[in-house]
Amino acid sequence: MEGLLGGFVTVLQPYNFFFCFVGALVGTLIGVLPGLGPTAAIAMLLPLTVGLDPVAAIITIAGIYYGASYGGSTTAILVNIPGEAQSVVTCIDGYRMAENGRAGAAIGIAAIGSFVAGTIGALGIGLLSLPLIDIAIRFGPPEYFALMLLGFVVLLVLAKGSPVKSLIMIASGLLLSTIGQDTVTGSSRYTFDIPSLIDGIGIVVIAMGVFGFGEVLFNLEQRHQRSVQAVPVGGLLPTRLELRRSTGPIVRGSILGFLIGLLPGGGATLASFVSYALEKRLAQDPSRFGKGAIEGVAGPEAANNAGAAGSFIPLLALGLPGNPVTAILLGALILYGFAPGPLMIQQNPQLFWSIVASMYVGNVMLLVLNLPLVGVWVRLLRVPYRILYAPLILFMIVGTYSVSNGVFDIWLLLAFGLVGFVLYKLEFDPAPMILAFVLGNPLELNFRQSLMMSRGSWDFLLERPVASAILLVALGVALLPALGPIRRRLSQARLVNEL
Amino acid sequence: MRDVLGGALFLAVGGFALFAGSDLSLGSLDVPGPGWLPLGAAALIAALGAVLMIRGLASLRAARTTKQARETSPVDVRALGRIGVVVALISGFIVIMPIVGYLAASVCLMVILMLIASPPEARVRAAAIGLIIALVAYGLFVVALQVPLPQGTLWGA
């Protein structure tokens, strides 16, 4: 645990603390904006952190992430528009609570739940990472290949919408990841003689384009009126009854969410959905759900925070992102010159523990500073979109340019914005594409390395017990939908996903 | 209908990727070459796109015979026009920025974006807000954060 204490010492240094604060504040600002959530916020703000010292930069990003999550849930409660997939469930009962005049309590319990979950999550990371790293140190290309394949399978089985569309998205992500120079043979793939493409497409550009710019275009097309619910001043604390009702969901959500976050393909979103379904099943009076049950806010909000913490473990310990957010974080870490994985923690323990500590500090910060700032966010939400969209666009353009120092990436931003828009209109979910895009290169590399290690024989799959075990699990998960009773449960889970 | 369009789109994308990558070698089963992942993925996309399109056409035909309600909302041409204008404006920005510099280009972009979105009576105010946004952004990005943005070849940078 001394590592964790060291992490706290680092984070609490004025320089780092200041940037964590700024990250949380700006992250909340972006997260509050309708349609923009943690993924877009990190993608947009990442370029601005490049000039910072790496540890401070990562701490800032952690602050941004939590800030954006919190901002997203505020918007979900006040305006019924989710900032991102993980806030969708919060909309259901949160907005109802707002309509019933309990908006303050909903926001308050979301903050409290997130804080508790974040604490449990940070502890969990501290406890689980080291044993996991001991195991992971012995992982080689075959094991990584198997793990990534498992991630794809889980993604496919649990994805929203039809499996055909999800598979198309995954395949598209894989295709996009091949653009650039092939590291193994040196041949150029799909570069069309454009020098900027030799290194491939950056994750920041794609994420900013699809989630950020695509969202702006989508909002330009719609012209809905946003009615912002009034938050009673000083009404941010839930009543004692509400607190009592929320304790169970928060604890359950935290633990469940953390475990779900650990799974490949899992994370904040899945955790929030599962928590909602669980709380509704466990409630004495399930009919209250959908009408403003505080359990429907407390549980999912805790779960999505814990799920995020859980999903950081595969990222930091194995270098495996399980969802778009960790995918961008992976890109960020690589940008700063770190290669997440078992070795990173051995070589840079300060970085790892600082990240863990900053999650906790970020949560505290949000609890303390954002509750009084709700009024500011409400006023921000009342600014008409026709004024907001211009600075948002400029922000994204500058961000993209600053990462690549070239104009070509802005064209890519535009292109991917259109891609994101078209995908939304045609009802494709872009998240699997982003994940496949990030995992495509490592997946291919590990596969080819495995074959090289075994001198071209596919026996490598059978000779390594861990890899085979993981592949069997993947096969099992892939075949699950075929089994009757599981199929019913799965379609129920998918229906929850489509809420 | 959405599925028909989506399927057709991906069928085209997959087909194009297969064509553009046809010079990549697939390698052998023992030593996969650079082509196996992109071409494999492209083939999968094209095949699934075709499946989606066929399914979409089948449900369209079924809907026509049973007179089900239309699943799609009518396409809002004006909305698409708005998007087209914004895309065109940003494209223009990208082209002129290296020439006139970031400051001038961003002022133009912000002012025009504000103008096209504002009601006629608020035009002057909108333009003013656009100018302020561009200036604040310049102060934030160039002065405070020192992001290296182009000064503009026109001014001799």
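Residue numbers start from 1 in every chain, and the chains themselves are labelled A, B, ... in the order their sequence lines are given, proteins ahead of strands. Note: hydrogens, waters and symmetry copies are ignored here, and every other heavy atom, side chains too, is used.
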Chain B contacts, top residue of [options] (heavy-atom pairs, under 4.5 Å):
options	result
A:Leu423, A:Ile397, A:Ile170	A:Ile397
A:Ile410, A:Val216, A:Leu174	A:Ile410
A:Phe192, A:Phe395, A:Trp411, A:Phe213	A:Trp411
A:Leu217, A:Leu167, A:Leu414	A:Leu414

Which portion of A:Ile393 sits near chain B, non-hydrogen atoms under 4.5 angstrom: side chain

Side chain / backbone / both / neither for A:Leu413 at chain B, heavy atoms under 4.5 Å: neither

Check whether [X] gets within reach of chain A through its side chain, its backbone, both or neither, counting any heavy atom under 4.5 Å.
X	value
B:Leu44	side chain
B:Val87	both
B:Ile94	both
B:Leu48	both
B:Ile112	neither

Minimum side-chain heavy-atom gap A:Phe447-B:Leu37 below 4.5 Å: no

Donor-acceptor contact present, side-chain A:Tyr190 to main-chain B:Ala17, <3.5 Å: yes

Leading residue by heavy atom contact count with chain A [cutoff under 4.5 Å; candidates B:Gly21, B:Gly49, B:Ala134, B:Ser91]: B:Ser91

When rounded to the nearest 0.5 angstrom, what is the spacing between [atom1] in [X] and [atom2] in [Y]?
X	Y	atom1	atom2	value
A:Leu394	B:Tyr102	CG	OH	4.0 Å
B:Ile45	A:Met169	CD1	CE	8.0 Å
A:Leu392	B:Leu113	CG	CG	11.0 Å
A:Lys165	B:Asp3	NZ	CG	4.0 Å

Ring centre gap for A:Tyr401 and B:Phe141 strictly below 6.0 Å: no

